[in-house]
Amino acid sequence: MPKIAVKEVITGGHYDVDCYIEDPTGKVLYKQAKKHYDVHVQQAEATGVHKFCFSNEFSSFTHKRVHFNLHVGNEPPLLAVMGERITALTQMESTCVSIHEAMNSIIGSQSSQRLQEASDRLHSDDLNHHVIYWSVGEALVLFVVSLGQVVLLKSFFTEKRALPGAVTT
């Protein structure tokens, strides 16, 4: 029963994490360090609970978000008797097979779209925060400049009084 594990770091730091997969007996099946994207396909030797570990130990200051897909097992044939059958498929059977293949293709496309949407949403949120901070900063600078201009213009139109005992010419 092959296992296919797909992982991709969506946000954080240099987009890399450590990853390892361990089978129920404790044997390490897969181990990679500082990878951004990886696909791992392997025939499982033991049945049971496998452990998947993602580590960000080397970069503890930046938080990361990881997208992870796991596909377990081979898909059984759509028609149980297809492997034993020598005759041609009926029109209904061939239509069912083509619809099934199209649905599998759509599932893959949807998974890819969800990953892209999550990545774009995070980027959009980050950009929104930067725009908000920049706008608040601009508003503060505009307020200070306006206040400075009012004080400067007021000083142009106020009459300076002479000090008592000062000689005026």
Side-chain angles (χ1 to χ4, degrees), residues 2-24 26-42 44 48-73 75 98-169:
K3 292 180 179 244
I4 302 171
V6 180
K7 72 135 177 124
E8 181 171 356
V9 181
I10 299 175
T11 61
H14 295 289
Y15 296 98
D16 52 355
V17 293
D18 297 340
C19 175
Y20 75 87
I21 302 173
E22 197 175 279
D23 71 1
K27 177 183 172 189
V28 176
L29 302 174
Y30 168 83
K31 187 171 188 172
Q32 287 292 324
K34 297 185 180 182
K35 292 285 267 187
H36 165 64
Y37 176 82
D38 204 7
V39 176
H40 175 69
V41 179
Q42 181 168 358
V49 177
H50 287 65
K51 294 179 187 175
F52 294 83
C53 179
F54 298 99
S55 173
N56 191 27
E57 241 176 51
F58 57 88
S59 178
S60 59
F61 290 113
T62 57
H63 299 285
K64 297 182 179 161
R65 188 171 296 196
V66 177
H67 175 78
F68 179 69
N69 269 345
L70 179 65
H71 305 280
V72 179
E75 189 174 297
S98 65
I99 289 172
H100 183 70
E101 289 170 354
M103 292 297 282
N104 284 337
S105 173
I106 289 170
I107 289 169
S109 295
Q110 283 180 334
S111 178
S112 168
Q113 290 296 319
R114 280 189 202 106
L115 176 63
Q116 187 65 39
E117 186 270 334
S119 177
D120 289 346
R121 183 175 1 96
L122 291 169
H123 180 70
S124 172
D125 288 345
D126 187 43
L127 186 61
N128 186 32
H129 289 295
H130 287 293
V131 168
I132 288 171
Y133 293 143
W134 183 258
S135 298
V136 168
E138 264 187 340
L140 289 174
V141 167
L142 186 62
F143 179 73
V144 168
V145 168
S146 299
L147 190 64
Q149 285 180 346
V150 167
V151 168
L152 183 66
L153 285 173
K154 190 175 180 183
S155 72
F156 287 154
F157 295 105
T158 56
E159 188 177 315
K160 295 184 181 177
R161 296 185 184 173
L163 295 172
V167 179
T168 57
T169 56

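The model shown is predicted, which means the values in this text are computed figures rather than measured ones.
- Partners of Glu22 by side chain to side chain donor-acceptor pair (under 3.5 Å), not counting sequence neighbours: none found.
- Side-chain N or O atoms of Ser119 include none that pairs as donor or acceptor with a backbone N or O of Leu115 at under 3.5 Å.
- In this structure, the side chains of Tyr30 and Cys19 come closer than 4.5 Å at one or more pairs of heavy atoms.
- Residues Leu122 and Asp126 are not in side-chain contact: their nearest non-hydrogen atoms beyond the backbone lie 4.5 Å or more apart.
- Note that CD of Gln113 and CG of Asp120 are 9.5 Å apart. Values are rounded to the nearest 0.5 Å.
- Ser146 contributes atom OG, which lies 4.5 Å from atom CG of Leu142 (distance to the nearest 0.5 angstrom).
- In this structure, the separation between NE2 on His129 and OG on Ser124 is 9.5 Å, given to the nearest 0.5 Å.
- Counting heavy atoms from C-beta outward, His50 and Pro24 have side chains that approach closer than 4.5 Å.
- Under the side-chain contact (heavy atoms from CB on, under 4.5 Å) criterion, Arg114 pairs with Gln110, sequence neighbours left out.
- Within the 4.5 Å cutoff, the side chain of Gln32 has no heavy atoms near those of the Asp18 side chain.
- Distance CD1/Ile21 to NZ/Lys31: 12.5 Å, rounded to 0.5 Å.
- Note that the CG atom of Asn104 and the CD1 atom of Ile99 stand 12.5 Å from one another [nearest 0.5 Å].
- Taking CG of Leu127 as the reference point, atom CH2 of Trp134 lies at 13.5 Å (rounded to 0.5 Å).
- The closest donor-acceptor contact from the side chain of Ser135 to the backbone of Val131 lies under 3.5 Å.
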